[in-house]
Amino acid sequence: MTLAFLGPAFSFSERAAHILGTTETLVPLDDIAALISAVASGGVDCAVVPIENSQAGTVPAAVNALIALDRPLQVLGETALPIRFSLYRGRDDDADLAGVISHAMSLKQCARWIDSHPVKTEEVGSNGTAFIRVRDETRPGWGAIAPSDIDDDAMMQVERDLQGGSAFHTRFVLCAQCPSDITAKAAIMAVEDLTVLEGCESARALICIPNGELGRSTTIVEARFAEPLPIDNLPGRALLVWMDSNAD
């Protein structure tokens, strides 16, 4: 079994992959759209997809990629991770801090800390990429904002909790292709009929994902499109969950 996650190593997605998958071979991919494409096409057996953050809301790249699907994905499980960020520097780098590298969402979550420091920022595809780039490239004065408590001899954790006093949480879902007979208890799918959005606010859809063991209770996620549009001009698909009528 192969399980794709937003790589490279040292990312929150990798941590979620270790929680949601136990015996699978982990496959790091460069971006969220690639994760969803890989599992939808059968390139990997399943994928861990970040779907929602308690501070920043839904993840636009995931929502947009799911909207583009031409087949449903079944939801096999979910987990919510506490998101705490630390600043990492190379052990031999004693230059004044000039800039920080991280994922765009992480920079947003640490905006208050960044605003209080005279530093430049650089966006990369994942927190793991930021950590590895600072570790492996010679860029005096640059640090990485990455998950707390990474153990690497070449790097030092110089400051913790850049996100503020309390941790945020990011929810990850484990997705796989739906079986051909559509017997999954829950699935994310795209629908063509926008009348299902009647009553929803402009440029929003609802993703209903069962909690825990895919039981009856559901978590309602407000999905915002990257570029809000009037409801009459929404793309021709919306995200829903399909529930097997025979599900418990």
Side-chain angles (χ1 to χ4, degrees), residues 3-21 26-32 35 47-62 78-174:
L3 191 163
F5 69 97
L6 181 61
F10 309 119
S11 66
F12 288 111
S13 290
E14 184 190 32
R15 295 184 180 187
H18 283 294
I19 293 172
L20 292 170
L26 298 187
V27 179
L29 295 178
D30 292 336
D31 57 62
I32 292 173
L35 289 177
V48 171
V49 179
I51 194 74
E52 178 194 25
N53 178 268
S54 61
Q55 188 265 348
T58 51
V59 181
E78 66 174 311
T79 189
L81 293 184
I83 305 299
R84 294 186 180 275
F85 294 102
S86 290
L87 174 67
Y88 296 88
R89 301 284 304 275
R91 288 196 180 276
D92 298 326
D93 183 6
D94 57 3
D96 292 338
L97 184 65
V100 292
I101 305 174
S102 197
H103 187 272
M105 185 74 73
S106 306
L107 294 174
K108 180 178 180 180
Q109 292 166 332
C110 298
R112 183 174 297 180
W113 182 91
I114 292 170
D115 290 344
S116 68
H117 294 72
V119 294
K120 299 177 182 178
T121 60
E122 181 178 321
E123 296 181 8
V124 290
S126 78
N127 300 305
T129 298
F131 186 91
I132 291 171
R133 183 167 295 181
V134 170
R135 184 191 65 184
D136 296 348
E137 295 182 2
T138 303
R139 299 185 68 180
W142 281 79
I145 294 177
S148 292
D149 302 323
I150 296 175
D151 185 12
D152 190 294
D153 291 341
M155 297 280 276
M156 56 183 178
Q157 185 174 230
V158 298
E159 191 169 346
R160 293 173 57 89
D161 286 334
L162 273 61
Q163 81 287 341
S166 60
F168 306 123
H169 287 79
T170 292
R171 194 152 59 89
F172 296 84
V173 292
L174 180 65

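Crowding of D92 atom CG: a count of heavy atoms from other residues, nucleotides or ligands under 6.0 Å not exceeding 12. Other residues, nucleotides and ligands contribute at most 12 non-hydrogen atoms within 6.0 Å of the CG atom of D151.
P50 and I32 get closest at one heavy-atom pair: CG-CD1, 3.7 Å. Nearest heavy-atom pair, A9 versus I132, reported as atom, atom and distance to 0.1 Å: O-CD1, 4.4 Å. Between D152 and R135, the shortest heavy-atom distance links the atoms OD2-NH1, 2.9 Å. For the pair C110 and I145, the tightest heavy-atom approach, listed with the atom from each and the gap, is SG-CG2, 3.9 Å. Across all their heavy atoms, V48 and A16 have their closest contact at CG1-CB, 3.8 Å. For the residue pair M156 and G90, the shortest heavy atom distance occurs at CE-O, 3.6 Å.
Between atom NE2 of residue H117 and atom CG of residue L97 there is a gap of 7.5 Å, rounded to the nearest 0.5 Å. Interatomic distance, CZ of R160 versus CG of L162, reported as 10.5 Å (0.5 Å rounding). S13 OG to L35 CG: the interatomic distance, rounded to the nearest 0.5 Å, is 7.0 Å.
The main-chain N or O of G7 is never found under 3.5 Å from a side-chain atom of E14 such that the two would form a donor-acceptor pair. With hydrogens and angles ignored, the 3.5 Å screen pairs a side-chain donor or acceptor of S148 with a backbone N or O of R84. The closest donor-acceptor contact from the side chain of S11 to the backbone of G128 lies at 3.5 Å or more, if one exists at all. No donor-acceptor distance shorter than 3.5 angstrom exists from the side chain of R15 to the backbone of L81, with no hydrogens or angles considered. The closest donor-acceptor contact from the side chain of D93 to the backbone of G141 lies under 3.5 Å. Side chain of Q163 to backbone of F85: a donor-acceptor contact under 3.5 angstrom is found.
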Item to check | Pair W142-V119, side chain to side chain contact (heavy atoms under 4.5 Å, CB included): steps then yes or no | outcome: CA-CA 9 Å; W142 281 79; V119 294; over 6 Å; no

Checklist entry - Given the rule in the side chain to side chain contact (heavy atoms under 4.5 Å, CB included) test, do W113 and E159 qualify, once you have shown the distances and angles that lead to the verdict? => result CA-CA 11 Å; W113 182 91; E159 191 169 346; 2.9 Å; yes

Next on the checklist: Pair L6, D30 - check side chain to side chain contact (heavy atoms under 4.5 Å, CB included), show working.
Outcome noted: CA-CA 6 Å; L6 181 61; D30 292 336; over 6 Å; no

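For the pair E122 and L107, the minimum side-chain heavy-atom distance is 4.5 Å or more. Within the 4.5 Å cutoff, side-chain heavy atoms of R139 are placed close to those of I101. When side chains are defined from C-beta on, L174 does not count as touching E78, because their heavy atoms never get closer than 4.5 Å. In this structure, P8 and T129 have side chains that are in contact, with non-hydrogen atoms separated by less than 4.5 Å. Between I150 and M155 the shortest side-chain heavy-atom distance does not fall below 4.5 Å. Between I83 and H169, every side-chain heavy-atom pair lies at or beyond the 4.5 Å cut-off. In this structure, the side chains of V134 and R89 stay at 4.5 Å or more apart for every pair of heavy atoms.
In summary, the aromatic rings of F5 and F12 are positioned with their centroids too far apart to meet the 6.0 Å limit.
With salt bridges taken as basic N to acidic carboxylate O contacts below 4.0 Å, none links K108 and E123.
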